[in-house]
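Before I ask anything, let me first share the structure, which is written out below as structure tokens.
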Amino acid sequence: MATCHFSSECRFFNNDIANMPVIADIMKKKYCQGSYYSQCARYKVADSLGNEKVPSKLFPDETIKAKIILAELKM
Ligand code: SF4
């Protein structure tokens, strides 16, 4: 059961990304199904800019990349 409300449309959660990290299931337990979803890089971009702006290759632990995307797209 996912706690993140983006799970139904999230390409990472739905395994719709080539070359998923080997720890994808662990990440899903921590972020998507746990209490850390608001710390997920994909969540941060989707929540601020919309899910369509989340790069397919952005993974939950890439928060620095998310900050750069948010800074660039909010300019
Ligand atoms: S990867 Fe992030 S945005 Fe996607 S379902 Fe998991 S917590 Fe939500």
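Sequence positions, counted from 1, serve as the residue numbers for this chain. This is a predicted model, so every value here is computed, not measured. When a ligand or atom number is given, it counts from 1 through the structure's own listing order.
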4.5 Å side-chain heavy-atom contact, Met20 and Phe12: yes
Lys53, NZ: over 12 other non-hydrogen atoms inside 6.0 angstrom: no
Close side-chain approach of Thr63 and Gln39, heavy atoms under 4.5 Å: no
Student check: side-chain heavy atoms of Cys4 and Tyr31 closer than 4.5 Å: no
Any Arg42 side-chain heavy atom under 4.5 Å of Phe59 side chain: no
Spatial distance of atom OG (Ser38) from atom CG (Asp47) [nearest 0.5 Å]: 9.0 Å
Under-2.8 Å protein N/O/S neighbours of atom 8 (Fe) of ligand 1, ordered by chain then residue number: Cys4 SG
